[in-house]
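Right, one structure below, let's go through it.
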Amino acid sequence: MSDEQELGITESKQYNTGEWYAEVVQKAGLANYGPEGMSGFIVTRPRGYALWESIQNYLDGEFKKTGVQNAYFPLFIPESYLEREKDIVEGFDPEVAWVTHGGHEELEERLAVRPTSESIIAPYMAQWVRSHRDLPLRVNQWASVVRWEATETKPFFRTKEFLWQEGHTAHETRDGAWDETMTRLSQYQSLYEDVLAIPVLRGAKPEHDKFPGADTTTAVEALMPDGKSVQAGTSHYLGTSFAEAFDLTYTTEGEDEEPAHTTSWGLSWRSLGALIMTHSDDQGLVLPPTIAPEQVVIVPIWQADTQEKVLDYAEDIAEDLEAAGVRVELDARDERNPGFKFNEWELKGVPVRFEIGPNEVDDGVVTAVHRPDGESVELDRENIAEAVEEQFDEVYAKLYAAAEENLEANVREASARNEILGTIGQHGGYVKAPWCGDEDCEDEIKDQIAAEIVMVPLNDEDAEIHDGEDCAVCGDDAEETAYFAKSY
């Protein structure tokens, strides 16, 4: 155990959120900052990568249920490929890292380190599609991308290189592509709500903030405890612009040639940032049982004359849990006292701790302690695997309820510019307001308090604008409802 971890968390989530977050990430063993001179990069440690693998495994399974196949495309994209879709070039040019030399030789054409892969994937999809019988075509890749942002590094939230998945599909019709867009958005929502215990809002990005070249960008947004929003996953209906740029066409039943309707959709390890920020506390990391690398830690408590019987009892329980598929860690180190172990495993975010001493052995029970609230419950040794699953459900419900309470308490309405500014300035969170659709109105709010329109609701009563309703910023006729917030 390092001295760093022995110190525990020294910063406050409420008062020094940024410093607290960085401390949790490092002391819980999730990541380290990259080498000196490489600002913006991180090293993901095994426990951090295990969390990403859990997200990967869940989404990969969901994707494959709906006909998606995994593939892999080159890291480098020729400049001429990027230039075939002008909006991609214009949208990503400030963030593109370029390779100009291979060894000592200057390249004939610059290669972009992929900021996104539409420009390298679409040309190959065009080769694979000939007729309507080849559609829909669905591919996904798990990869990293590089975007050379100038912002300060925040592990998992903002790094120059980050891990993600990006899916790409081609369809005969707009309706087919739009259904695909919504399917992926729903899968992202399920990941957050059913795996990460984070409720999300779903909507579309305003026209001026959509993905470069897209017809429509949709997103799920998660509200953090500090009142900022996280763009938690995006799904884009690209229309036919990419198909036309890269000759992705198909022959209809009537032998006509038509451009395909395409989509792209992606979720990055920003989801880990949202997970850490949402649930963790001043004692360290907090993880829902669904994703925790260790779901249960068993801490045996003994004196010299009871060590053997306590350890035998604890080992039997660990074996039962392992046989039932529970991820369990038996902490039988004798050089550390129980109090140290409690603090260490709390720091690492293990959802349920089993405390087993001589009394538990004699009574045929286990004392189970929940993270983060410290609630303890006595469980019978018999059928312990079934009993712990109930504890997992309870811990998950607590985490979700706390996040849901935060979301519900921090969606407010405004009908005037000063109300938007005052509400976000005082409370953070989301402010719903009628909006005329003009980017200038967003800029006015952004210039004042660095808040932006994070989404407009998608085709439901939340999006309804009533007759005579005016834009909260400029007073012109309102066209839609906008959610303003500060964001990561």
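For reference, positions follow the sequence shown, starting with 1. All values below were derived from every heavy atom in this structure, side-chain atoms included, with hydrogens, water molecules and symmetry-related copies excluded. All values derive from a computational prediction rather than experimental measurement.
- Ring pair F156/W269: centre-to-centre distance below 6.0 Å.
- Between the side chains of H171 and T169, at least one donor-acceptor pair of N or O atoms lies under 3.5 Å.
- Checked against the 6.0 Å centroid threshold, Y250 and H132 do not count as a close aromatic pair.
- When only modelled atom types and interatomic distance are considered, K205 and Q231 share a side-chain donor-acceptor pair under 3.5 Å.
- When all heavy atoms of A472 and A414 are compared, the closest pair comes out as CB-O, 4.3 Å.
- A salt bridge is defined here as a Lys NZ or Arg NE, NH1 or NH2 lying under 4.0 Å from an Asp or Glu carboxylate O, and K398 with D373 meets this definition.
- A salt bridge links E180 with R138: the distance from a Lys NZ or Arg NE/NH1/NH2 to an Asp or Glu carboxylate oxygen falls below 4.0 Å.
- Using modelled atom types and a 3.5 Å distance limit, the side chains of E258 and T249 yield no donor-acceptor pair.
- Using modelled atom types and a 3.5 Å distance limit, the side chains of D60 and W142 yield a donor-acceptor pair.
- You'll find the ring centres of F157 and Y21 inside the 6.0 Å limit.
- At a cut-off of 3.5 Å, with distance as the only test, no side-chain donor of T153 or T159 sits close to an acceptor on the other residue.
- Considering CZ of R417 and SG of C471, their distance stands at 11.5 Å, rounded to 0.5 Å.
- Residue I42 holds its CD1 atom at 8.5 Å from OH of Y33, rounded to the nearest 0.5 Å.
- With hydrogens and angles left out, the side-chain atoms of H370 and Q391 include a donor and acceptor closer than 3.5 Å.
- Ring pair W164/F162 is perpendicular by interplanar angle, where above 60° counts as perpendicular and below 30° as parallel.
- The existence of a salt bridge linking E346 and R353 is confirmed by a sub-4.0 Å separation between a basic side-chain nitrogen and an acidic carboxylate oxygen.
- For the 3.5 Å distance criterion, the side chains of Q56 and Q165 fail to qualify, holding no donor opposite an acceptor.
- Atom CD of E149 has more than 12 neighbouring heavy atoms from other residues, nucleotides or ligands inside a 6.0 Å radius.
- Counting non-hydrogen atoms of neighbouring residues, nucleotides and ligands closer than 6.0 angstrom, the CD atom of E244 exceeds 12 such neighbours.
- Distance check: T17 OG1 to K154 NZ gives 8.0 Å after rounding to the nearest 0.5 Å.
- We find that E62 and R184 are not joined by a salt bridge, their nearest charged nitrogen and carboxylate oxygen being 4.0 Å or further apart.
- One distance of note links CG of L347 with CZ of F342; it measures 15.0 Å at 0.5 Å rounding.
- In this structure, a donor-acceptor pair under 3.5 Å is present between the side chains of D226 and Y488.
- Atom OH of Y15 sits in a sparse spot, with 12 or fewer heavy atoms from other residues, nucleotides or ligands closer than 6.0 Å.
- A salt bridge does not link E452 with K486: none of the charged nitrogens is closer than 4.0 Å to a carboxylate oxygen.
- Under the 4.0 Å criterion applied to side-chain N and carboxylate O atoms, K348 and E344 are assigned as salt-bridge partners.
- In this structure, OG1 in T10 is found 10.0 Å from CG in D282, a value given to the nearest 0.5 Å.
- Close placement of the F41 and W148 rings is indicated, their centers lying within 6.0 Å of each other.
- Taking a 6.0 Å sphere around OH of Y124, one finds it holds 12 or fewer heavy atoms contributed by other residues, nucleotides or ligands.
- Proximity of V139 to N70: side-chain heavy atoms (C-beta onward) are nowhere separated by under 4.5 Å.
- For the atom pair L30 CG and T44 OG1, the distance stands at 9.5 Å (nearest 0.5 Å).
- Nearest heavy-atom pair across P289 and V395 is CD-CG1, 4.0 Å.
- Side-chain contact, H261 with T240: no donor N or O sits under 3.5 Å from an acceptor N or O.
- In this structure a side-chain-to-backbone donor-acceptor pair under 3.5 Å is missing from Y430 to V454.
- No salt bridge links R327 with E294; every basic N to acidic carboxylate O contact stays at or beyond 4.0 Å.
- Across P457 and Y483, no two heavy atoms sit closer than the pair CG-CE1, 3.6 Å.
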(message) Run W265 and F63 through ring-ring contact (aromatic ring centres under 6.0 Å, His included) and show every step you take.
(response) CA-CA 11 Å; W265 25 278; F63 294 160; 5.0 Å; yes

